[in-house]
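First the structure, in the form of structure tokens, and then the observations on it.
Since the structure is predicted, the reported quantities are computational estimates derived from the model, not experimental observations. Values reported hereafter were calculated over all heavy atoms of this structure, with side chains retained and with hydrogens, waters and symmetry mates removed.
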Amino acid sequence: MQEPGDLGPEGSSCCEKVQHESNDAAAAQESRLPPSDSHGLDIMKISINPFASSENEYISRTNEILAGMASTCALPGVKRAFMNPLSLCAAKCDIAILHWVENTMLDGRGRISRLRTIRLYFYIRLLRLISKRLIMVRHNNYPHDSDHEQIPRIKHLMKSYEKYFDVVVTHSGHNADSGYIYVPHPLYTKAATSGRLIDGDYFFILGRILPYKAIDKLIAHLSPDVHLVVAGKAPDPTYLAKCKELAEGKQVTFITGYLPDSDAANLVTHARGMVVPNSDEDMVVSGNYFFSFSYGVPIFTVQTPFTNWLMESKDPGGLHQYPCISSLARSLFDARTANNPDPEKIEEAFGNSAVARGWARALAAAE
């Protein structure tokens, strides 16, 4: 199961972060879906990176919707473009859309790489030769794995790179006042489930087990009477060990490693609620919100600019937000019944039609 949004959403599930060079095999692949609803747009072809990912349903759902508006194909990522510049020729298009492009300027330690920064600049210049317009989807305010000392510089660089794009898309309406175009985050496809993987009442955290998720802080404040299930890959063994140490004497179940879609669906379907404890300023939205909305399961979260905007503008139901992690932890103990998301409001705000209208606005702004 991919992680919704960590991508992410962050963002739903528990795979590794999207690999931006995973498009090699699909570099020349073209969508076979004919445009069915162009929303009045005069766009013939859209190139997208990443174009296909078995590890990220967000990408497949987004590209499925875009394929209904124009012909779509794979856009080679930074590495492939420099190894084989001719690969860009097959991606010649009216509009190029890039996801998580800012991640490519950092090294393995989350620090700015001068070489990668320069390479990204020239990559964007190359894209200008094969695409009439460029769209950047800004998923985060800065990459999750950024070195904290360098965050101000990273944010400054991201703002600089934005100037090279005709349109910057955001998945949270609270950013629309910053000159970005709001496009709703798509919902996830519901997987079939049977039986129960875990008996009894429990709350659920889904996704990679990493420090920015603040799982350790939630566990530290968690009542021994609350059962919490944490499921996802654990790429940081030290952090996982810290979480397990804090969980001693408490009802915390860890399910680490790859989680099939059916298991993720089973766990969220039978949970009393999805818990999203991270509220760091790097996050715009978490895919876990939309994964939970897709299954009609309540969400318990720390208050963020996105959740404030969502409550005020959409009032989707089932979203329970708290000012800090300690109050969030207390709410799990006190929660008797929690209202579920309103299916009609969720569909209206994040269904395929809403997402298509959002992308139509973004594409029109780029024309």
Side-chain angles (χ1 to χ4, degrees), residues 3 5-8 10-11 15-28 47-53 55-56 59 73-93 95-131 133-169 208 210-212 233 235-236 238-239 280-284:
E3 182 162 8
D6 241 352
L7 292 161
E10 238 208 27
C15 72
E16 294 294 330
K17 180 165 49 180
V18 169
Q19 297 299 313
H20 298 83
E21 308 303 336
S22 66
N23 298 311
D24 291 3
S47 294
I48 308 166
N49 179 269
F51 182 68
S53 174
E55 305 235 331
N56 188 341
I59 289 296
C73 73
L75 176 66
V78 178
K79 185 183 297 184
R80 179 177 172 81
F82 278 92
M83 291 177 62
N84 181 14
L86 292 178
S87 65
L88 289 171
C89 296
K92 191 172 182 180
C93 59
I95 294 178
I97 298 175
L98 288 85
H99 299 269
W100 298 287
V101 66
E102 67 275 9
N103 290 4
T104 63
M105 67 184 181
L106 304 183
D107 61 21
R109 299 174 298 163
R111 299 180 64 84
I112 296 170
S113 164
R114 186 174 182 180
L115 174 61
R116 295 186 182 199
T117 300
I118 294 172
R119 187 176 65 174
L120 178 57
Y121 168 79
F122 281 105
Y123 173 68
I124 295 172
R125 301 293 291 181
L126 283 173
L127 294 184
R128 283 291 179 189
L129 300 178
I130 60 106
S131 178
R133 296 289 187 269
L134 300 180
I135 293 179
M136 170 186 176
V137 183
R138 183 159 180 166
H139 291 275
N140 301 299
N141 293 317
Y142 53 86
H144 293 312
D145 298 329
S146 299
D147 180 281
H148 282 273
E149 292 182 359
Q150 293 206 329
I151 286 175
R153 288 184 59 200
I154 293 170
K155 292 170 70 174
H156 176 75
L157 271 177
M158 287 181 64
K159 292 297 292 185
S160 298
Y161 278 120
E162 285 181 12
K163 298 175 183 177
Y164 297 111
F165 290 84
D166 300 286
V167 169
V168 179
V169 163
R208 293 186 304 154
L210 288 170
Y212 78 88
K233 289 187 177 180
D236 185 339
T238 302
Y239 182 67
D280 287 350
E281 64 171 10
D282 62 328
M283 184 178 72
V284 174

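Atom CZ of R153 is separated from atom CE of M105 by 9.5 Å, given to the nearest 0.5 angstrom. To the nearest 0.5 Å, the span separating CD1 on I135 from CD1 on I97 amounts to 4.5 Å. Separation of atoms CG (L157) and CD1 (I112) is listed at 4.5 Å; rounding is to 0.5 Å. Taking CE of M158 as the start and CG of N103 as the end, the distance is 8.0 Å to the nearest 0.5 Å. Y121 OH to I118 CD1: the interatomic distance, rounded to the nearest 0.5 Å, is 10.5 Å.
Contacts of R111 classified as salt bridge (charged side-chain N to carboxylate O under 4.0 Å, His left out), with partners at least two apart in sequence or in another chain: D147. Partners of F122 according to the ring pair (Phe, Tyr, Trp, His ring centres under 6.0 Å) rule, which considers only residues two or more places apart in sequence or in another chain, do not exist here. Residues passing the side-chain contact (heavy atoms from CB on, under 4.5 Å) test with S131, sequence neighbours excluded: C93, A96, L134. For the ring pair (Phe, Tyr, Trp, His ring centres under 6.0 Å) test, no residue two or more places apart in sequence or in another chain qualifies with F82. Every salt bridge (charged side-chain N to carboxylate O under 4.0 Å, His left out) that K159 has, sequence neighbours left out, goes to E162. Partners of R109 by salt bridge (charged side-chain N to carboxylate O under 4.0 Å, His left out), not counting sequence neighbours, listed by chain and number: D107. Remark: Y239 pairs with D216 by the side chain to side chain donor-acceptor pair (under 3.5 Å) rule, at least two apart or across chains. Legend: residues meeting side chain to side chain donor-acceptor pair (under 3.5 Å) with N84, ordered by chain and number and at least two apart, are absent.
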Problem - side chain to side chain contact (heavy atoms under 4.5 Å, CB included) assessment of I59 paired with H99 - result: CA-CA 9 Å; I59 289 296; H99 299 269; 4.0 Å; yes
Problem - Criterion side chain to side chain contact (heavy atoms under 4.5 Å, CB included) on F165 and L98, from CA distance to verdict - result: CA-CA 10 Å; F165 290 84; L98 288 85; 4.1 Å; yes
Exercise for the section: Take Y161 and E102 through the side chain to side chain contact (heavy atoms under 4.5 Å, CB included) test and state the conclusion after the steps. Expected result: CA-CA 8 Å; Y161 278 120; E102 67 275 9; over 6 Å; no
Practice task
With side chain to side chain contact (heavy atoms under 4.5 Å, CB included) as the test, would you mind laying out the steps for I151 and K155 before giving the verdict?
Solution key: CA-CA 6 Å; I151 286 175; K155 292 170 70 174; 3.6 Å; yes
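D145 contributes no side-chain N or O that, together with a main-chain N or O of G110, makes up a donor-acceptor pair within less than 3.5 Å. Between the S47 side chain and the A91 main chain, a donor and an acceptor come within less than 3.5 Å of each other.
A 4.5 Å side-chain heavy-atom check between L75 and L127 finds at least one atom pair inside the cut-off. Residues N56 and P50 have side chains not in contact (no heavy-atom distance under 4.5 Å, counting atoms from C-beta outward).
Nearest heavy atom pair, residue H139 against residue V284, reads O-CB, 3.3 Å. Closest non-hydrogen pair, L106 versus I154, comes out as CD2-CD1, 3.9 Å. Contact record, S146 with P143: OG-O, 2.7 Å, taken as the closest heavy-atom pair.
Within the structure, salt bridge (charged side-chain N to carboxylate O under 4.0 Å, His left out) contacts touching residues 116-131 (residues at least two apart or in different chains) are R128-D166.
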